[in-house]
Participant: 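Can you read through this structure? Questions will come right after.
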2 protein chains.
Amino acid sequence: MNSYQEAQLDALGDSTRRAIVNQLLTGPMPVGKLAERFPISRPAISQHLRVLKEAGLVLDEASGTRRLYGLNPRAFASLREYFDEFWNQALAAFKSTVEGPQPGEEE
Amino acid sequence: MNSYQEAQLDALGDSTRRAIVNQLLTGPMPVGKLAERFPISRPAISQHLRVLKEAGLVLDEASGTRRLYGLNPRAFASLREYFDEFWNQALAAFKSTVEGPQPGEEE
DNA sequence: AGCAATCGTAAGATAGTACTTACCGTAAGT
DNA sequence: ACTTACGGTAAGTACTATCTTACGATTGCT
């Protein structure tokens with residue numbers, strides 16, 4: 001029900017950002033190191049990281065001239081709960097269909 | 001790890017499609033009825049439904065001249081498991097950071 | 001202080017995606 | 001058979017987001 005998931009799902013709607021997140025699964029990483037593993041430029045990675053950060057999916061920490069980015073476990077716990085709840089409701093909606101579909105209900 | 005989630009997250013990366021999914025949470029609905037509740041045209045809804053269907057998030061069933069669309073509970077169960085697994089790994093990556101961050105590990 | 005390394009941001013170009021209008025096919029009703 | 005209702009598809013347009021290049025700011029090193 002929360003509106004946080006809106007931004008999170010928007011952020012995960014891009015395959016490059018999902019790849020970044022997967023890369024961070026091995027542990028925090030500075031921007032440059034991260035960009036080396038992708039065929040796109042470092043600023044592009046930086047922009048993606050901003051989106052992920054605004055969505056709360058990643059956390060950043062300055063470390064000298066570098067900046068480490070890592071996953072935010074709480075965000076993924078939140079998403080898990082979201083789909084847990086969603087699955088329950090979807091199942092209920094589905095079952096009510098099988099038992100008695102009322103397609104032509106008026107507004 | 002499955003590639004199914006790729007298409008599913010792509011599909012859920014659009015706010016209109018998320019709104020459609022939320023609408024279907026109350027039960028299956030024909031396309032026209034669904035389109036009435038949105039400020040965009042029926043073909044637009046139809047196109048969104050195609051994306052959702054290809055991602056396996058919704059199921060459709062012909063009913064006379066109408067076509068009922070409903071949520072696919074299995075897809076959301078799959079997403080829930082995905083984030084469950086993901087959360088575990090993210091947590092592990094996060095903990096290993098706190099205990100001993102190795103930022104300058106060479107490629 | 002000067003230099004090198006790392007990263008964020010701005011501006012512009014490119015590509016992708018969503019939307020509309022128009023059209024066609026199919027099913028039900030008269 | 002004709003008409004109406006419903007929905008999918010095609011083509012074209014508009015918008016949004018992604019990417020690149022260029023620049024500036026901050027930190028650490030000598």
Side-chain angles (χ1 to χ4, degrees), chain A residues 6-24 27-70 101-107, chain B residues 6-24 27-70 101-107:
Chain A
E6 287 287 313
Q8 295 177 346
L9 289 176
D10 262 336
L12 291 178
D14 180 77
S15 66
T16 300
R17 281 195 289 270
R18 285 196 298 270
I20 290 176
V21 164
N22 273 304
Q23 196 60 241
L24 294 179
M29 215 177 281
V31 180
K33 183 78 54 180
L34 201 48
E36 286 176 6
R37 320 201 170 180
F38 289 89
I40 60 178
S41 71
R42 183 191 50 77
I45 299 291
S46 207
Q47 288 160 11
H48 281 303
L49 286 171
R50 174 166 52 176
V51 175
L52 290 170
K53 180 183 174 182
E54 284 174 356
L57 292 170
V58 301
L59 303 170
D60 60 333
E61 179 192 0
S63 168
T65 118
R66 297 187 297 186
R67 181 165 283 269
L68 296 175
Y69 281 87
Q102 58 274 39
E105 188 136 341
E106 217 54 36
E107 173 71 335
Chain B
E6 288 287 313
Q8 295 177 346
L9 289 176
D10 262 334
L12 291 177
D14 180 76
S15 66
T16 300
R17 280 194 289 270
R18 285 196 299 271
I20 290 176
V21 164
N22 273 304
Q23 195 61 241
L24 293 179
M29 213 175 285
V31 179
K33 185 76 55 179
L34 201 48
E36 285 176 6
R37 320 201 170 181
F38 289 90
I40 61 179
S41 70
R42 182 191 51 76
I45 299 291
S46 206
Q47 288 160 11
H48 281 305
L49 287 172
R50 173 165 55 175
V51 175
L52 290 171
K53 181 183 174 182
E54 285 174 355
L57 291 169
V58 301
L59 302 169
D60 61 332
E61 180 192 0
S63 169
T65 119
R66 297 187 297 186
R67 180 164 283 267
L68 295 175
Y69 280 86
Q102 56 272 37
E105 187 135 340
E106 216 55 36
E107 174 78 334

Participant: Rounded to 10°, tell me the angle between the two end axes of the helix from C:dA1-D:dT30 to C:dT30-D:dA1, each built from five pairs.
Facilitator: 30°

Participant: Heavy atoms, side chains only, cut-off 4.5 Å: are A:Leu24 and A:Val58 in contact?
Facilitator: yes

Participant: Taking C-beta and beyond as the side chain, do B:Arg42 and B:Val31 meet within less than 4.5 Å on heavy atoms?
Facilitator: yes

Participant: For B:Leu12, does its backbone N or O pair with a side-chain atom of B:Arg17 as donor and acceptor, under 3.5 Å?
Facilitator: no

Participant: Looking at A:Phe38 and A:Thr16, what are the two nearest heavy atoms and their distance?
Facilitator: CE2-O, 4.4 Å

Participant: Please confirm whether the backbone N or O of A:Pro30 pairs with a side-chain atom of A:Arg66, one donor and one acceptor, at under 3.5 Å?
Facilitator: no

Participant: Quick one: are A:Leu34 and A:Leu49 in side-chain contact, heavy atoms under 4.5 Å?
Facilitator: yes

Participant: Can you find a pair of side-chain heavy atoms, one from B:Glu36 and one from B:Lys33, that are under 4.5 Å apart?
Facilitator: yes

Participant: Inspect the contact between B:Glu61 and B:Arg67 and indicate whether a charged nitrogen and a carboxylate oxygen are less than 4.0 angstrom apart.
Facilitator: no

Participant: Sugar-phosphate means primed atoms, P, OP1 and OP2; the rest is base. With that split, encode nucleotides 7-19 of chain C 5' to 3' as B, S or - using protein heavy atoms under 4.0 Å.
Facilitator: BBBB-------SB

Participant: Students should find this one: the first and last nucleotides of DNA chain D, 5' to 3', lying under 4.0 Å from a heavy atom of chain A. What are they?
Facilitator: D:dT18 to D:dG28

Participant: Is there a side chain to side chain contact (heavy atoms under 4.5 Å, CB included) between B:Arg18 and A:Leu9 once you walk through the steps?
Facilitator: CA-CA 9 Å; B:Arg18 285 196 299 271; A:Leu9 289 176; 3.6 Å; yes

Participant: Test side chain to side chain contact (heavy atoms under 4.5 Å, CB included) on A:Tyr69 and A:Leu59 and set out the steps.
Facilitator: CA-CA 6 Å; A:Tyr69 281 87; A:Leu59 303 170; over 6 Å; no

